[in-house]
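Below is one structure, written out as structure tokens, with a few remarks after it.
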Amino acid sequence: MAYLQSVLLRSELRKSCNFISLSMVTSPVLLNSKRTYSSKNGSEYLHKSIVPTMHYQKSLPRLPVPKLEDTIKRYLAAQRPLLNDEHYRNTEKLAQDFQSGVGKELHEELVAQDKRNKHTSYISAPWFDMYLSARDSVVLNFNPFMSFNPDPKPEYNDQLVRSTNMVSSAVRFMKTLRGGLLEPEVFHLNPAKSDTESFKKFIRWVPSALSWYGAYMVNAYPLDMSQYFRLFNSTRIPRPGRDELFTDQAGRHLLVVRKGNFPAFPLGFLTSENRDVWASLREKLLEAGNGEVLSTVDSALFCLCLDDEPMRDHIHISHNMLHGNGFNRWYDKSFSIIIAKDGQAAINFEHSWGDGVAVLRFQNEIFKDTTEQPLVHPGSPGASVDSASMVRRLEFKLDSELENGISKAKENFQAAISKLTIDAMEFKRGGKETLKKKKLSPDAMSQLAFQMAFLRQYGQTVATYESCSTAAFRHGRTETIRPASNYTQRCANAFVHQPNQHSVDQLKGMLHECSKYHGQLTKEAAMGQGFDRHLFAMRYLANSKGMALPSLYQDPAYSAINHNILSTSTLTSPAVSLGGFAPVVPDGFGVGYGVHDEWIGCNVSSYPARNVHEFLQCVHKSLDDIFTILEGRPLS
């Protein structure tokens, strides 16, 4: 008999909405509470929106299937800076043949299929399948993290106080969501008109089938919230060939992991394994009589990981929150809240069920609630309830085969994370405010800096990926912005290799060209008019029909543009300190970045094939050069 280093914290989630405080003793497990608390404002909800949470869902516009000729045109534009003339001509011919031949047939079938499935989007099912069929470990390959800013009141960053408050606020979020009282997610272009009580009182009476149009009339864009139901009580369950997403909303308990208290075989490592290996070992666990305890883990609200060491710096935070030590995690849960000894906190989430939009909303609401109306305070007394009724330690039965599987999973995990390097950079010379005053897109200039940096370091332009949400559409997921363009290539070459051959005004002109084109790409992607998802869906369709793979997809240039050496994602929020993820290819960089009002931050990862420290030095140099030109001074 082995003990899973975790306990089951039973929270009172009925209408009375009492919460338990988490008090820790010197034993290796998280123990109990001694009395119940009600929230400060006496409410079980974060707020009570007068517009129902899912009010706009029925009337959300459908994700468009782009025109085939537009997709091919955009694809070739993205390929041009990556290929020499000969290779480009070959790729151009393959793309044109595809457009007039098999691609035309696939596109027409995709459009017809989309018309038959108006309840969803053309990308939703293939995208779920792509994630769930992937056999690589979710650790480093899929799960990202987003860390919370510290509570502005230092005494509330105590691990026990912050854990209790975050659990309380998370449950309040869940009840608000499930009660239909969570404010709908809306992107307001003119909040003075649309984000007002008077508009909300009006729009709530507009039928759901028409409500989106009412919002659109005041320049507000409701976002898809179909992923939100997977936030709680959800787990990715390993299956041979293709995993399964499991959700049980009847679950009224929380999974808490602390101290790695396993005799010698920490089960959490299994969730970091190759998915087929883990699927096989899970079957062994079930055969050994662990069905009930696995069901308890799978149906838990979420996982709370209480780590026993304080964080040294941002780099330590990134490593700990992205992968950690392996034994104090259950990576398959929809999300885990990780709280270090010093109160540093983050969310690590499994990516197949949803994208960052839902998780960021949750994180923003939790941060706001815990900092503005915390349930408990430093010095709050513990509870007096019998601990046995609130906490249950989970016990797993292991045989020698399972023990060997855990040991092997631990070896594989440690080998994988040992290859990862993370470094961070803060550019303090300017940020969003300066760039906007110069009529430049802050995101475009950041992406241009990455292009310049890679050119300076490695002498080439490579496939670059920037994620863009398509949540403005029903069941939208993401589209790809392709930041590497003819414009960035020309500009980067001028700044890096020919700074003295161009005047300050000419270099400024190139910056504006890059900004304008990047803005166009961003708008197209957000409106579902990129090329990546369309080509992906047609390839998926061809595969599902058992067709021979069309020549376009066999082109080495197609493989190369999808070998994303620069994988980038941006995020800024009052709740988030930094976010990060591993590279998506062995010879790549994972670039998390944020453009703040007065500074720009980057949190970048790499494997041994790349030098992340030198890359960040080159990014800093690139931003310095951009700001020097914007100040009207020549490059030295």
> Any chance the side chains of His518 and Asp443 put a donor and an acceptor closer than 3.5 Å?
Replying inline: yes

> Got a donor-acceptor contact below 3.5 angstrom from the Trp330 side chain to the Val297 backbone?
Replying inline: no

>> Between Leu420 and Leu322, is there a side-chain heavy-atom distance shorter than 4.5 Å?
In response: yes

>> Can you confirm whether Asn348 sits close enough to His323 that some side-chain heavy atom of one is under 4.5 Å from a side-chain heavy atom of the other?
In response: no

>> Using only atom types and a distance under 3.5 Å, with no angle test, would you say the side chain of Gln363 pairs donor to acceptor with the backbone of Met146?
In response: yes

>> For a salt bridge (charged side-chain N to carboxylate O under 4.0 Å, His left out) check, start with the C-alpha distance between Arg282 and Asp298, then their side-chain angles and the critical distance, and finish with the verdict.
In response: CA-CA 12 Å; Arg282 183 183 165 97; Asp298 295 339; 2.8 Å; yes

>> Is there a side chain to side chain contact (heavy atoms under 4.5 Å, CB included) between Gln554 and Leu94? Walk through the geometry before answering.
In response: CA-CA 10 Å; Gln554 298 182 48; Leu94 289 171; over 6 Å; no

> Hey, what do you get for CG (Leu270) to NZ (Lys410), rounding to the nearest 0.5 Å?
Replying inline: 12.5 Å

>> If we ignore hydrogens and angles and just use 3.5 Å, is the side chain of Tyr553 paired with the main-chain N or O of Leu535 as donor and acceptor?
In response: yes

> With side chains defined as the heavy atoms from C-beta onward, is the minimum distance between Gln520 and Lys523 less than 4.5 Å?
Replying inline: no

> Which atom names give the shortest non-hydrogen contact between Val595 and Ser446, and what distance separates them?
Replying inline: CG2-OG, 3.1 Å

> Hey, mind stepping through Ile366 and Ile347 against side chain to side chain contact (heavy atoms under 4.5 Å, CB included) and telling me if it holds?
Replying inline: CA-CA 11 Å; Ile366 296 314; Ile347 290 176; over 6 Å; no

> When rounded to the nearest 0.5 angstrom, what distance separates CD1 in Ile417 from CG in Leu140?
Replying inline: 7.5 Å

> In this structure, which one of Ser147, Cys305, Cys303 forms a side-chain contact (heavy atoms from CB on, under 4.5 Å) with Ile338?
Replying inline: Cys305

>> Is there a side-chain contact between Pro126 and Phe536 in this structure, where contact means two heavy atoms from C-beta onward sitting under 4.5 Å apart?
In response: yes

>> Between Leu132 and Arg239, does the side chain to side chain contact (heavy atoms under 4.5 Å, CB included) criterion hold? Intermediate values first, please.
In response: CA-CA 9 Å; Leu132 294 172; Arg239 302 284 190 221; over 6 Å; no

> How many angstroms lie between CD1 in Ile339 and NZ in Lys341, if you round to the nearest 0.5 Å?
Replying inline: 12.5 Å

>> Within the 4.5 Å heavy-atom criterion, are Leu245 and Glu350 side-chain neighbours or not?
In response: yes

>> Looking at Asn143 and Tyr331, would you say the former's side chain and the latter's main chain have a donor-acceptor pair under 3.5 Å?
In response: yes

> Can you check whether Trp353 reaches Val359 side chain to side chain, under 4.5 Å on heavy atoms?
Replying inline: yes

>> Checking side-chain polar atoms at under 3.5 Å, does Ser352 have a donor or acceptor matched by the opposite partner on Arg230?
In response: no

> In this structure, which one of Tyr131, Phe142, Phe581 forms a ring pair (Phe, Tyr, Trp, His ring centres under 6.0 Å) with His351?
Replying inline: Tyr131

> Okay, side chain of Asn603, backbone of Gly579: is any donor-acceptor separation there less than 3.5 Å?
Replying inline: yes

> Do you know which two heavy atoms are closest between Ile315 and Ala424, and how far apart they sit?
Replying inline: CD1-N, 3.6 Å

> Which residue, Phe367, Phe148, Phe232, Tyr228, forms the ring pair (Phe, Tyr, Trp, His ring centres under 6.0 Å) with Phe362?
Replying inline: Phe232

> Heavy atoms, side chains only, cut-off 4.5 Å: are Phe396 and Leu285 in contact?
Replying inline: yes

>> Testing the 3.5 Å rule here: is there a donor-acceptor pair between the side chains of Arg80 and Gln489?
In response: no

> How about Arg610 and Thr421: does a side-chain donor come under 3.5 Å of a side-chain acceptor?
Replying inline: no

> Hey, mind stepping through Phe327 and Ile406 against side chain to side chain contact (heavy atoms under 4.5 Å, CB included) and telling me if it holds?
Replying inline: CA-CA 10 Å; Phe327 64 74; Ile406 293 167; over 6 Å; no

> What heavy-atom pair brings Leu511 and Cys491 nearest, and what distance separates the two atoms?
Replying inline: CD2-SG, 3.9 Å

> Salt bridge or not for Lys621 and Asp625, using N-O below 4.0 Å?
Replying inline: yes

> Looking only at heavy atoms, what is the nearest atom pair of Ser334 and Leu231, with distance?
Replying inline: OG-O, 2.6 Å

>> List the residues meeting side-chain hydrogen bond (donor to acceptor under 3.5 Å, both in side chains) with Thr464, not counting sequence neighbours, and say none if there are none.
In response: Gln451

> Is Thr470 reaching over with its side chain to a backbone N or O of Gly476, donor-acceptor style, under 3.5 angstrom?
Replying inline: no

> Does a donor on one side chain sit under 3.5 Å from an acceptor on the other, for Gln447 and Thr568?
Replying inline: yes

> Distance-only, no hydrogens or angles: does the Thr271 side chain make a donor-acceptor pair with backbone N or O of Gly268 under 3.5 Å?
Replying inline: yes

> Can you tell me if Lys432 uses its side chain to pair, donor with acceptor, with the backbone of Glu598 under 3.5 Å?
Replying inline: no

> Closest approach of Leu435 and Pro442, non-hydrogen atoms and distance?
Replying inline: CD1-CA, 3.7 Å

>> Parallel, tilted or perpendicular: which one describes the rings of Phe454 and Phe615, with boundaries at 30° and 60°?
In response: perpendicular

> Out of curiosity, Asp276 CG to Leu281 CG, how far, rounded to the nearest 0.5 Å?
Replying inline: 11.0 Å

> In terms of side-chain heavy atoms, does Gln457 have a donor or acceptor partner in Asn611 at a distance below 3.5 Å?
Replying inline: no

> Which atom names give the shortest non-hydrogen contact between Pro238 and Asp332, and what distance separates them?
Replying inline: CD-OD2, 4.1 Å

> Heavy-atom count around His314 NE2 within 6.0 Å, excluding the residue itself: above 12?
Replying inline: no

>> By the definition side chain to side chain donor-acceptor pair (under 3.5 Å), identify the one residue from Asp307, Asn320, Asp308 that meets it with Asn328.
In response: Asp307

>> Working to the nearest 0.5 angstrom, can you tell me the gap between Arg242 CZ and Asp129 CG?
In response: 4.5 Å

> With no hydrogens and no angle check, is any side-chain donor or acceptor of Ser515 less than 3.5 Å from a backbone partner on Ser441?
Replying inline: yes

> Has the side chain of Arg74 got a donor or acceptor atom that lies under 3.5 Å from a matching backbone atom of Phe531?
Replying inline: no

> For residues Asn141 and Arg135, is any side-chain donor paired with an opposing acceptor at under 3.5 Å?
Replying inline: no

>> Does any part of the side chain of Thr628, heavy atoms only, come nearer than 4.5 Å to the side chain of Arg429, both counted from C-beta?
In response: yes

> Side-chain donor-acceptor pair under 3.5 Å between Ser124 and Arg477, yes or no?
Replying inline: no

> Taking the six-membered ring for Trp, is the centroid-to-centroid distance between Phe450 and Tyr593 below 6.0 Å?
Replying inline: yes

>> Quick check for you: to the nearest 0.5 Å, what is the distance between Phe627 atom CZ and Thr434 atom OG1?
In response: 5.5 Å

> Strictly by modelled atom types, are Thr91 and Asp555 linked by a side-chain donor-acceptor pair under 3.5 Å?
Replying inline: yes

